[in-house]
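Within every chain, numbering begins at 1; the chains are lettered A, B, ... in the order of the sequence lines, protein sequences first and strands thereafter.
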Amino acid sequence: MTAIIEPRLPRGMRDILPQKMLQRRYVIGVVERVFERFGFEPLQTPVLELQQTLSGKYGPDAEKLIYDARHREGKEDLALRYDLSVPLSRVVAMNPELVKPFKRYQIAPVWRAERPQKGRYREFFQCDADIVGTSSMLADAEIVAMIFTILRELGFKEFVTKLNNRQVLTALGEYSGVAPALLPGLYRSLDKLEKIGRDGVRAEMLKNEIPDETAKKVLDLTELPVADLNAWREKFREYPIGIQGINELEELVQFAREMGVQAERLQIDLTMVRGLEYYTGPIFETVVTEPKIGSLTGGGRYDGLVGLFSKNSLPATGTSLGIERIIDVMDELNMFPANLPKTVVDVFVTVFDVARRATSLAIAMSLREAGLDAEVWYDFDGLGKQLRYAAARGIPYVVIVGPDEAAANVVTLRDLKTGEQIQVTRGEVANVLKKKIERA
RNA sequence: GCGAUCAUGGUGGAAGGGUACCACGUCUCACUGUGGAUGAGAAGGCUGCGGGUUCGAAACCCGCUGAUCGCCCCA
């Protein structure tokens with residue numbers, strides 16, 4: 001006998017068992033329907049990309065997390081995709097005939113070699129929706145409105161989409177007078193304001209070699225009331241890019257409101273940064289307060305990305321929803337609908353004995369023909385065992401055909417939840433079942 | 001990459017240095033036209049891996065690996 005191979009999973013990756021798949025399918029279904037309702041078309045791209053397609057797009061920190069992939073004898077340097085926006089930009093550059101604005105969604109796994117922890121996996125699904133080919137803030141607002149719609153439809157009550165604009169951050173950098181090399185450190189520290197407070201940020205900035213007066217100067221600025229955008233415009237008088245950013249934000253919020261997004265769901269946060277390097281304009285991030293899990297969605301405008309793959313640059317904006325985080329939160333808050341089935345199977349057809357086998361098989365096939373998901377028993381066991389199986393599987397209905405039923409040309413239809421049994425003719429079973437299932 | 005905690009059959013837990021138990025689950029049989037029941041039985045662990053201390057280690061010590069949770073960063 002050969003030694004058993006210990007069954008293990010790569011770090012940070014998991015199997016999604018059938019019951020969990022049903023939850024996922026429910027969430028993905030909602031997301032997909034809303035995406036399409038907003039006019040986005042499906043797109044699929046390979047999980048592997050050429051390394052050169054991905055490198056240099058995300059920033060040095062993120063770049064380290066990309067998985068390399070190569071065939072033993074292959075000549076191409078390949079990598080597992082890190083997100084869906086860069087592949088999209090590649091697709092758009094390769095297919096210039098696509099009608100603009102090009103709106104597509106993609107729900108697919110991406111890989112990041114991070115240290116796994118709560119709400120963080122090395123393989124996870126992103127649900128991306130992006131709009132390529134327009135600079136209008138209406139597009140950004142639509143993305144925000146769509147996030148709002150999806151989360152609301154999934155039953156989320158407490159969530160906030162934080163908004164900022166990279167141009168504001170750029171202006172902030174100019175205003176601080178900090179050397180460009182130190183700017184990433186400045187932004188990163190600033191991003192933690194909510195988490196570690198003013199003093200924490202100051203300490204953090206000092207660690208990042210930012211002079212204390214500069215830190216103070218920047219922090220003072222960020223303490224201007226967000227509600228008073230004019231005060232910000234005033235401060236940015238000499239930094240037109242900042243004014244531009246503020247204007248965009250204002251427009252974005254107004255448009256989103258016009259699309260019915262509640263004001264309390266939007267929060268301008270001029271210290272919110274987001275790590276990916278390719279963002280150029282508005283950036284958004286959705287967080288929930290209850291379980292501490294990081295952001296549920298993240299996105300923004302990346303007007304320069306397509307231009308890296310084509311002479312004809314195109315503006316683009318979009319967002320990504322993290323399905324596993326959404327599921328983790330919904331699980332924790334018990335947000336899944338009570339009637340979410342435990343199995344795809346609608347009905348189980350028992351096999352009474354050898355003589356009745358053909359009848360059972362025929363009934364099962366006719367139920368399938370009618371569009372029902374039906375299962376039959378494979379052996380000749382007592383009804384008790386068969387019912388126990390159906391119950392354990394969570395199958396809602398069972399069809400029983402024994403000698404009595406066969407003689408009367410009917411079947412017994414048992415509701416496993418209530419224990420209720422009725423007799424119907426073989427011709428009616430499918431329709432009766434369909435009605436019952438519809439009502440459930 | 002850094003830090004903390006943990007590591008016992010599929011799952012959850014017990015065994016205060018002396019031959020590894022319990023529950024649930026799984027499987028089999030009985031109850032032979034009706035379910036998560038009951039009864040009887042079975043399978044399943046070199047106690048994560050490797051060393052050490054000891055007459056003797058699941059337990060104590062060291063190393064490794066893995067998981068979880070933080071940090072960094074992120075969906």
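- Here A:Y389 does not pack flat against the base of B:G35, since the 5.5 angstrom centre distance and 30 degree tilt limits are not both met.
- Between A:K57 and A:E277 no salt bridge is recorded (no basic side-chain N to carboxylate O distance below 4.0 Å).
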Identify the pairs formed between an N or O of the protein and an N or O of nucleotides 23-29 of chain B at a distance under 3.5 Å, and give each distance.
none

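- Taking 3.5 Å as the limit, the base of B:G33 and the side chain of A:E405 contain a donor-acceptor pair of atoms between them.
- Looking at heavy-atom distances under 4.0 Å, A:R274 makes contact with sugar-phosphate atoms alone, never a base.
- Mapped onto RNA chain B by nearest heavy atom, A:D404 and A:G298 fall at different nucleotides, with A:D404 at the one closer to the 5' end.
- When rounded to the nearest whole Å, the span between CZ of A:R388 and P of B:U32 equals 13 Å.
- Projected onto RNA chain B by closest heavy-atom contact, A:G12 and A:Y82 fall at different nucleotides, the more 5' of which corresponds to A:G12.
- The nucleotide B:G45 finds no pairing partner, because no Watson-Crick or G-U wobble arrangement with both distances shorter than 3.5 Å includes it.
- The CG atom of A:L387 sits 5 Å away from the C1' atom of B:U34 (whole-angstrom rounding).
- The side chain of A:K195 contributes an N or O atom lying less than 4.0 Å from OP1 or OP2 of B:C71.
- For B:U34, its base sits under 3.5 Å from the side chain of A:Q421 at one donor and acceptor pair at least.
- Between A:R356 and B:G33 there is no side-chain polar atom (N or O) within less than 4.0 angstrom of OP1 or OP2.
- Summarising the base pairing, B:A59 is matched to no nucleotide, lacking a Watson-Crick or G-U wobble pair whose two defining distances lie under 3.5 Å.
- For the pair A:R11 and B:G66, the criterion of a side-chain N or O lying under 4.0 Å from OP1 or OP2 is met.
- Contacts of A:F352 with the nucleic acid, taken as non-hydrogen atoms under 4.0 Å apart, include base atoms.
- Comparing B:A75, B:G33, B:C69 by their nearest atom to the side chain of A:L383 picks out B:G33.
- The base-pairing partner of B:U28, taking Watson-Crick or G-U wobble contacts with both distances under 3.5 Å, is B:A40.
- Under the 4.0 Å criterion applied to side-chain N and carboxylate O atoms, A:K103 and A:E41 are not assigned as salt-bridge partners.
- In this structure, CH2 of A:W377 is placed 15 Å from P of B:G35, rounded to the nearest angstrom.
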